[in-house]
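Keep in mind that the numbers below use all heavy atoms, side chains included, and drop hydrogens, waters and symmetry copies. Numbers here simply count residues along the sequence, with the first being 1.
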Amino acid sequence: MRTKEENRAAIAEQFTPQRDKLGERFDALVDEISAVRYEYLQKRDELSKQPVGVLDANAADERRLNREEGMKWVLIKQKYGI
């Protein structure tokens, strides 16, 4: 798993085109999305690593986590107008 700093750097790189549009708010955007992404990665890594019997439960949990993260991203993007 990436460190918080690596995660933030990757997010900042992804949103570089919006830097001029957002100005001073760019760092706040990157911080918010980075925090959401890092939280998701931690939760995903905590899912059970046991074979076969747990796969269905893990898949359902991972889909739920993906939806939650996606909704958080949408809200953050709406907040910053991107």
Side-chain angles (χ1 to χ4, degrees):
M1 186 168 90
R2 294 181 184 173
T3 66
K4 281 186 178 183
E5 293 78 22
E6 291 170 334
N7 185 49
R8 188 186 187 292
I11 299 291
E13 184 178 322
Q14 182 179 357
F15 285 93
T16 298
Q18 283 83 19
R19 181 182 289 269
D20 291 337
K21 177 183 176 185
L22 294 171
E24 295 175 6
R25 298 180 343 160
F26 178 77
D27 286 332
L29 168 75
V30 171
D31 288 341
E32 282 190 53
I33 290 180
S34 177
V36 166
R37 182 69 181 159
Y38 193 73
E39 176 186 353
Y40 162 78
L41 292 173
Q42 285 181 316
K43 287 180 180 179
R44 189 190 70 193
D45 286 348
E46 289 172 4
L47 292 177
S48 179
K49 304 289 188 239
Q50 297 174 4
V52 183
V54 191
L55 290 179
D56 291 336
N58 282 349
D61 286 342
E62 190 158 350
R63 282 193 304 274
R64 180 184 52 78
L65 288 172
N66 283 337
R67 281 193 307 272
E68 288 175 5
E69 182 195 24
M71 288 307 299
K72 289 177 183 178
W73 275 60
V74 167
L75 293 173
I76 292 169
K77 286 180 176 182
Q78 286 177 345
K79 177 180 175 181
Y80 288 93
I82 16 177

Exercise. Check step by step if side chain to side chain contact (heavy atoms under 4.5 Å, CB included) holds for Arg67 and Met71.
Key: CA-CA 6 Å; Arg67 281 193 307 272; Met71 288 307 299; 5.6 Å; no
Quiz item: Hey, mind stepping through Glu68 and Lys72 against salt bridge (Lys or Arg N to Asp or Glu O under 4.0 Å) and telling me if it holds?
Solution: CA-CA 6 Å; Glu68 288 175 5; Lys72 289 177 183 178; 5.2 Å; no
Self-check item: Test item: side-chain donor near acceptor, Tyr80 and Glu32, under 3.5 Å
Solution: yes
Quiz item: For Asp61 and Arg64, what are the C-alpha separation, side-chain angles and deciding distance, and is it a side chain to side chain contact (heavy atoms under 4.5 Å, CB included)?
Solution: CA-CA 5 Å; Asp61 286 342; Arg64 180 184 52 78; 4.1 Å; yes
Quiz item: When rounded to the nearest 0.5 angstrom, what is the spacing between NZ in Lys79 and CG in Leu29?
Solution: 9.5 Å
Quiz prompt | Closest approach of Tyr38 to Thr3 (non-hydrogen atoms, all atoms of both residues) | solution = CE1-C, 4.0 Å
Quiz item: Are Ile82 and Val30 co-members of a hydrophobic cluster defined by side-chain heavy atoms under 4.5 Å apart?
Solution: yes
Quiz item: Shared ILVMFWY cluster between Trp73 and Tyr40, side chains joined below 4.5 angstrom?
Solution: no
Quiz item: Going only through I, L, V, M, F, W and Y residues with side-chain contacts under 4.5 Å, is there a path from Leu41 to Ile11?
Solution: no
Quiz item: In the single-linkage hydrophobic clustering (I, L, V, M, F, W, Y; side-chain heavy atoms under 4.5 Å), do Val36 and Leu22 co-cluster?
Solution: yes
Quiz item: Of all heavy-atom pairs between Ser34 and Lys4, which one has the smallest distance, and what is that distance?
Solution: OG-O, 4.2 Å
Practice problem: Heavy atoms only: give me the nearest Glu62-Arg44 pair and the separation to one decimal. | Solution: OE2-CD, 3.4 Å
Quiz item: Can you tell me how far NZ of Lys43 sits from CD of Glu39, rounded to the nearest 0.5 angstrom?
Solution: 4.0 Å
Exercise. Quick one: closest heavy-atom pair of Phe15 and Phe26, and the distance?
Key: O-CE1, 3.1 Å
